[in-house]
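Please read all numbers here as calculations on a predicted model, not as lab measurements.
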2 protein chains.
Amino acid sequence: MVTIADVARHAGVSPSTVSYVLSGKRAISAATRERVAASIKALGYHPHAGARALASSRANVIALVVPLRTDMHVPILLQIAMAIVTAARGHDHDVLLLTNDEGTEGLHRVARSALVDAVIVMDVELHDPRAPVLRELGLPSVLIGFPADPAGLTCVDLDFSAAAGLCVDHLADLGHTGVALIGPPAGVLERGTGFARRTLSGFEEAAARRGLRTLVRPCETAHEAAWATAKELRTEHPEITGLVVHNEPTVPPLLEALRGLDVTVPGDLSIVAMGPQDLSAAVSPRLTMVPIPAEEMGRRAVELLMGKLNGDDRVPGSTLMAPRLMAGDSTAPPPPR
Amino acid sequence: MVTIADVARHAGVSPSTVSYVLSGKRAISAATRERVAASIKALGYHPHAGARALASSRANVIALVVPLRTDMHVPILLQIAMAIVTAARGHDHDVLLLTNDEGTEGLHRVARSALVDAVIVMDVELHDPRAPVLRELGLPSVLIGFPADPAGLTCVDLDFSAAAGLCVDHLADLGHTGVALIGPPAGVLERGTGFARRTLSGFEEAAARRGLRTLVRPCETAHEAAWATAKELRTEHPEITGLVVHNEPTVPPLLEALRGLDVTVPGDLSIVAMGPQDLSAAVSPRLTMVPIPAEEMGRRAVELLMGKLNGDDRVPGSTLMAPRLMAGDSTAPPPPR
DNA sequence: TTGAAAGCGCTAACAG
DNA sequence: CTGTTAGCGCTTTCAA
């Protein structure tokens, strides 16, 4: 193995000089710096991660805790995770993947063993057992999602309330006067994921502000549930001409059910969805939607974390990312009565 | 931070004794072992990962290289990844997540810096640039998927050829005499992913063996492509009564198209799919399918890797996992002519 | 069955 | 601007 001493010898300098060239923690003459850089390249030197961690008490690794079972949309999970890895690499950090099946014990382990310097926790629930552990460990951390009590923690999420508001406003602007929220299965709300209720309140506030009639329905993802919902909408709620769907997997069967009932989109019914951006192009017509900015969320989480690692205590405790509405072909003015 | 010296003092033994209690590398009297264990618990000691890696030249971390952009089904990717983490933890190892956007440079980096002891590479292509790098680094590794030249490498994958054979045999056993393979989009084949061609050859061999008439069609995942394929099948190939679909996202739109054309499944047409198991229950009728054993593949990959890390040179270079056919409601005997 | 002590490769004072 | 050196916490020989 090539060590820092080998590089120092090759470049005719001391090991510490090599170290300082690498870290940039003190001024080095251009000549020396270049000589050292050349030696590093020539010898193919890579600093030993363990030695570095031991001496500097910085592993340059962050842990990413991904839920094992989740109601969340899986591709989004991966997109966020990959964005986190990419962003972390941009800050010279690596990412250790942790599941929840070790429970909170895994957090203790990686923190106490100095395997990682910090943690990002995904898919946070309202009463997440990891929240108190993070507070207690005093380990720099960022949560993606909000627990019921975010005090002392740093959290990032899409502003679902504003997102729902955007959807409602879009429909209202088009002239719709009756809108429905098709939400996630009842189980998700019960499990206590914050985003479902934030969507709901944003939806209701915006509808009230715009004077719209509303309807709220959870919807299971199964085929049959989509048909039942579609039928109920058409037979019992003809005043509803706009749908806000916050339940990604239900969109394709819902569209199919509407086609089956001879309801045209957007001619008879407008649909705006909140979910993964790739959903838009996957169905016909192309969906108007508020995409979940996975990349951006991952990047932001890492930036916040790096801020904390660098001792910046101006890192905001709460970051709500502004939603954007992407126009598609699934919304239009309501049909004339 | 609690160090091994703290534990030693607390237990009234030497640091080396604590180390040996932890590693089990030499005999320790029961009394001492218990005393040390008690001290470890009392102090909440966790060995410093960096120090351990430095002294033992073993990081107890494996790298997992996940492709950033992939045609592969994303939930399966995550399932495999999670299975790998769980299995690795079972062998006292952690998992570092690597993307491909560093290119093969990332492999060099983590290997040379001793950040990881070994690597698992997912979604291997026929001419994967990572294959030669792995050979050259001499880093213990396991590939999930097969490159064109797997010499000197350890690879794991589902036996797609046998899987396709299972599907064909199932249809033949039911009495079908004309079967079609609906494969992935043409791009996947061109990109050179081995599994697509192995499926194709398995399909054709089995069909030949059973004397069936065959048709092979790639299929884009878009809605329209599914309809086009469905129409072509019914109008131009009435002899085809059984479908083997090796293209997960195309299944729902295909089923919808068939419903739209008044083709009943399995009354008029039988369908057996190869793909993620959760697809089966997600559609109606419940699919007969050969599931991709994500958990098992992840677990097996880790076991093979641990074998190599432990110097077991009897680790097989090639592991093809046996497929199983799961009966569903989408296959039945062909309609009477 | 146990202890003492020499490193592992690096960082960061301290000294110049 | 650069070099010397004392650890960081652990493993593992060597000795007992």
Side-chain angles (χ1 to χ4, degrees), chain A residues 1-37 39-40 43-61 92 94 109-117 309 311, chain B residues 1-37 39-40 43-61 92 94 109-117:
Chain A
M1 150 162 235
V2 183
T3 73
I4 201 170
D6 298 324
V7 176
R9 207 172 308 122
H10 186 274
V13 297
S14 76
S16 62
T17 297
V18 177
S19 174
Y20 284 119
V21 166
L22 250 20
S23 69
K25 287 191 182 172
R26 80 178 181 191
I28 302 279
S29 73
T32 307
R33 187 174 33 247
E34 276 164 31
R35 210 139 33 78
V36 169
S39 298
I40 288 176
L43 301 180
Y45 168 71
H46 285 260
H48 188 290
R52 175 173 268 188
L54 180 55
S56 67
S57 36
R58 278 284 222 128
N60 275 36
V61 175
D92 194 32
D94 276 285
R109 185 176 59 80
V110 297
R112 306 289 285 270
S113 68
L115 227 193
V116 308
D117 308 315
L309 278 173
Chain B
M1 151 162 235
V2 183
T3 73
I4 203 171
D6 297 326
V7 175
R9 208 171 310 122
H10 186 274
V13 298
S14 77
S16 60
T17 297
V18 176
S19 175
Y20 284 119
V21 167
L22 249 20
S23 69
K25 287 190 181 172
R26 80 178 182 192
I28 302 278
S29 73
T32 306
R33 187 171 35 246
E34 277 165 31
R35 211 138 34 80
V36 170
S39 298
I40 287 176
L43 301 180
Y45 169 70
H46 285 260
H48 187 288
R52 174 174 271 187
L54 179 56
S56 67
S57 38
R58 279 284 223 127
N60 274 38
V61 175
D92 195 31
D94 276 285
R109 186 176 58 80
V110 298
R112 306 290 285 271
S113 68
L115 229 193
V116 308
D117 308 314

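- Between the side chain of A/Asp117 and the main chain of A/Arg58, no donor-acceptor pair closer than 3.5 Å is present.
- One can place CG of B/Leu43 at 15 Å from C1' of D/dG9, the figure rounded to the nearest angstrom.
- Only A/Ser19, A/Tyr20, A/Lys25, A/Arg26, listed by number, bring a heavy atom of residues 17-30 of chain A to less than 4.0 angstrom from any atom of DNA chain C.
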Applying side-chain contact (heavy atoms from CB on, under 4.5 Å) to B/Arg52 and B/Leu22, what does each step give before you reach the verdict?
CA-CA 12 Å; B/Arg52 174 174 271 187; B/Leu22 249 20; 4.3 Å; yes
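- Among D/dT12, D/dC10, C/dC10, the nucleotide with an atom closest to any side-chain atom of A/Thr3 is C/dC10.
- A/Thr32 comes within 4.0 angstrom of sugar-phosphate atoms only, judged by non-hydrogen atoms across all strands, and of no base.
- Side-chain N/O atoms of A/Ser19 and A/Ser16 include no donor and acceptor closer than 3.5 Å.
- Applying the 4.0 Å criterion to OP1 and OP2 of D/dG3, one finds that A/Ser14 has a side-chain N or O inside that range.
- Atom CZ in B/Arg9 sits about 14 Å away from atom P in C/dG3, given to the nearest Å.
- One distance of note links CG of B/Asp94 with OG of A/Ser113; it measures 7.5 Å at 0.5 Å rounding.
- Spacing between atom CZ of B/Arg58 and atom C1' of D/dC10 amounts to 16 Å, rounded to whole angstrom units.
- Remark: A/Ser16 is not in phosphate contact with D/dT5, judged by side-chain N or O atoms under 4.0 Å from OP1 or OP2.
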The test is side-chain contact (heavy atoms from CB on, under 4.5 Å); show your working for B/Val36 and B/Ser39 and say whether it passes.
CA-CA 5 Å; B/Val36 170; B/Ser39 298; 5.6 Å; no
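- A close approach under 4.0 Å does not occur between any side-chain nitrogen or oxygen of B/Arg52 and OP1 or OP2 of D/dG9.
- In this structure, the CG atom of A/Asn60 is 14 Å from the P atom of C/dC10, given to the nearest Å.
- Per the geometry, NE2 belonging to A/His48 stands 8 Å off P belonging to C/dC10, to the nearest Å.
- Between A/Leu54 atom CG and C/dC8 atom P there is a gap of 13 Å when expressed in whole angstrom units.
- Across A/Gly44 and B/Arg112, no two heavy atoms sit closer than the pair O-NH2, 3.1 Å.
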Do A/Val13 and A/Val18 pass the side-chain contact (heavy atoms from CB on, under 4.5 Å) test, and can you show the C-alpha distance, the side-chain angles, and the key distance before you say yes or no?
CA-CA 7 Å; A/Val13 297; A/Val18 177; 3.8 Å; yes
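- The side chain of A/Ile4 sits closest to C/dT11 out of D/dT11, C/dT11, D/dT4.
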